[in-house]
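For reference, the structure discussed in these notes is given below.
Remember, it's a predicted structure, so these values are computed and weren't measured experimentally.
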Amino acid sequence: MPRYRIMFAKAGISRYISHLDLTRVFERAARRAEMPMAYSQGFNPHPKISFAVPLALGVIGEKEFVDMELTVELPPEHIAEQLNKNLPMGIKVVEVRQVGEKEKPLMARVKQASYRMECPLAEEIDTPGVERVVDEILGQRALKVERKVKGKLKTADIRPGIINLKGYVQKGEIVIETELATGSGGNVRPEELLKELKKAGLPIEYALCRIYRTGLHGSSGDAREELW
């Protein structure tokens, strides 16, 4: 059956839609658009819609991905147009492409996520000062954080999952750009990195930072692979 990869953005009030609800949003939009969706087999058939990696609540997604299987081929631009007519404000399909049957599922391909974080200054600092804090983080051999997993606190080392990191001051804000490990092979949450940056001396209140996920990528060795 034909499979389509959909690039979409999630912003505004829609950034507070949970991942579970986002799945329902796309299902409803596809039904209203009268898309000939393919369904799974079994006692509880459901549309064959699969997302890359869940987006945390409140994070703005600039290039998110979802795969959708249909029973007949349709022009990608028609799919994009019809979905956009039925999606809520803040969620917009950017582009649609048909992918081959042998293409790996999105969740199996995603290894890295790119983020941009914009944080109001809690006190004065210049770009060289931000760079010194970033260098201190990158110079650490380990960065231990605590996570609550199934009601229990566990310790994780996020340092291996910080692939790239830079920071600078722009228009009265600290801007952090980073690539973090994500997916089944490991995961670093952007808020964990922000907390470690604050501990290292960055003058921010991480709860006030705006977080954007700017892209999702695969990897092969040291090379980054694009999903698009």
Side-chain angles (χ1 to χ4, degrees), residues 5-23 25-26 51-67 80 83-84 87-96 106-107 109-122 125 127 130-131 133-134 137-138 143 145 147 158 161-183 186-200 202-219 224-228:
R5 181 151 299 165
I6 299 166
M7 181 195 295
F8 69 97
K10 181 171 179 266
I13 195 67
S14 289
R15 72 185 187 274
Y16 296 109
I17 295 175
S18 71
H19 179 67
L20 182 60
D21 287 337
L22 183 64
T23 302
V25 163
F26 267 87
F51 289 82
V53 176
L55 187 66
L57 209 64
V59 176
I60 297 165
E62 295 184 344
K63 288 183 180 180
E64 299 297 301
F65 298 94
V66 57
D67 281 355
L83 286 176
N84 278 330
L87 286 167
M89 184 178 297
I91 299 177
K92 181 181 179 181
V93 172
V94 179
E95 192 175 348
V96 178
L106 282 168
M107 291 189 70
R109 289 195 59 195
V110 175
K111 305 295 181 186
Q112 303 172 9
S114 302
Y115 292 92
R116 184 178 74 258
M117 297 174 274
E118 300 171 354
C119 304
L121 286 169
I125 190 172
T127 292
V130 174
E131 290 173 342
V133 175
V134 167
I137 290 292
L138 293 176
L143 286 171
V145 301
R147 295 174 175 173
I158 66 170
I162 302 174
I163 300 160
N164 285 307
L165 178 63
K166 69 176 183 178
Y168 51 90
V169 176
Q170 185 179 72
K171 297 180 181 179
E173 293 185 320
I174 296 172
V175 180
I176 301 296
E177 296 180 1
T178 186
E179 290 180 18
L180 304 176
T182 193
N187 186 53
V188 178
R189 301 165 188 163
E191 61 270 22
E192 292 174 333
L193 175 58
L194 286 173
K195 290 177 182 180
E196 293 304 310
L197 286 165
K198 182 175 182 179
K199 286 180 187 177
L202 204 64
I204 60 171
E205 294 298 332
Y206 49 82
L208 301 178
C209 296
R210 299 184 303 279
I211 303 176
Y212 301 78
R213 189 158 76 182
T214 56
L216 294 167
H217 318 283
S219 64
R224 192 171 83 174
E225 294 181 346
E226 299 300 327
L227 302 180
W228 200 249

Problem set entry | Rounded distance (nearest 0.5 Å) linking atom CD1 of I91 with atom CG of L83 | 11.0 Å

Exercise. Taking side chain as C-beta onward, heavy atoms only, is T214 less than 4.5 Å from Y115?
Worked result: no

For this session: Would you give the length of the straight line joining atom CG of L143 to atom CD1 of I162, rounded to the nearest 0.5 angstrom?
Result: 5.0 Å

Exercise. How far apart are the closest heavy atoms of A200 and I137, and which atoms are they?
Worked result: CB-CD1, 4.0 Å

Problem set entry | Closest heavy-atom pair and its distance - T127, G167 | CG2-O, 4.3 Å

Exercise. What's the verdict on side-chain contact (heavy atoms from CB on, under 4.5 Å) for L202 and I176, showing C-alpha distance, side-chain angles and the deciding distance?
Worked result: CA-CA 11 Å; L202 204 64; I176 301 296; 4.1 Å; yes

Contacts under 3.5 angstrom, residues 51-65 side chains, donor-acceptor by atom type, not counting sequence neighbours:
from	atom 1	to	atom 2	distance (Å)
E62	OE2	R116	NH2	3.2
E64	OE1	R213	NH2	2.5
E64	OE2	R213	NE	3.1

Problem set entry | Side chain proximity check, V145 to V188, heavy atoms < 4.5 angstrom | no

Problem set entry | All salt bridge (Lys or Arg N to Asp or Glu O under 4.0 Å) counterparts of R147, not counting sequence neighbours | E192

Exercise. Does any pair with a residue in residues 7-19 pass side chain to side chain donor-acceptor pair (under 3.5 Å), and if so which ones, sequence neighbours excluded?
Worked result: S18-D21

Problem set entry | E226 vs H217, side chain to side chain donor-acceptor pair (under 3.5 Å): CA-CA, chis, key distance, verdict | CA-CA 5 Å; E226 299 300 327; H217 318 283; 3.2 Å; yes

Problem set entry | Residues that K198 engages under salt bridge (Lys or Arg N to Asp or Glu O under 4.0 Å), provided they are two or more places apart | E205

Problem set entry | Nearest non-hydrogen partners of R224 and S114, listed with the distance | NH1-OG, 3.8 Å

Exercise. Are E95 and F8 side-chain neighbours, meaning at least one heavy-atom pair lies under 4.5 Å?
Worked result: no

Exercise. Within a reach of under 6.0 Å around CG of L208, are more than 12 heavy atoms found that belong to other residues, nucleotides or ligands?
Worked result: yes

For this session: Grab the two heavy atoms, one from V169 and one from I125, that are nearest each other, plus how far apart they are.
Result: CG2-O, 3.5 Å

Exercise. From L165 CG over to T178 OG1, what is the distance, rounded to the nearest 0.5 angstrom?
Worked result: 4.5 Å

Exercise. Does a side-chain heavy-atom distance below 4.5 Å link I6 with D67?
Worked result: no

Problem set entry | 4.5 Å side-chain heavy-atom contact, V25 and P88 | yes

Exercise. If you draw a 6.0 Å radius around OH in Y206, do more than 12 non-hydrogen atoms from other residues or ligands fall strictly inside?
Worked result: no

Problem set entry | Partner set under salt bridge (Lys or Arg N to Asp or Glu O under 4.0 Å) for K195, not counting sequence neighbours | none

Exercise. Do you know which two heavy atoms are closest between C119 and I204, and how far apart they sit?
Worked result: CB-CG2, 3.6 Å

For this session: Take L216 and L106 through the side-chain contact (heavy atoms from CB on, under 4.5 Å) test and state the conclusion after the steps.
Result: CA-CA 10 Å; L216 294 167; L106 282 168; over 6 Å; no

Seminar exercise, completed: Residues passing the side-chain contact (heavy atoms from CB on, under 4.5 Å) test with N164, sequence neighbours excluded, are E179

Problem set entry | Beyond-backbone contact of Y168 with V175, side-chain heavy atoms, under 4.5 angstrom | yes

Exercise. So how far is it from E118 CD to I174 CD1, rounded to the nearest 0.5 Å?
Worked result: 12.0 Å

Exercise. Any side-chain heavy atom of M7 within less than 4.5 Å of one from L227?
Worked result: no

For this session: Using the side-chain contact (heavy atoms from CB on, under 4.5 Å) rule, take N84 and K92 through it: C-alpha gap first, then chi angles, then the decisive distance, then the call.
Result: CA-CA 6 Å; N84 278 330; K92 181 181 179 181; 3.8 Å; yes

Exercise. For V94 and A9, which heavy atoms make the closest approach, and how far apart are they?
Worked result: CG2-N, 4.1 Å

Problem set entry | Side-chain heavy-atom pair L121, E173 within 4.5 angstrom cut-off | no

Exercise. Can R189 and N187 be said to form a side-chain contact (heavy atoms from CB on, under 4.5 Å), step by step?
Worked result: CA-CA 6 Å; R189 301 165 188 163; N187 186 53; 3.9 Å; yes

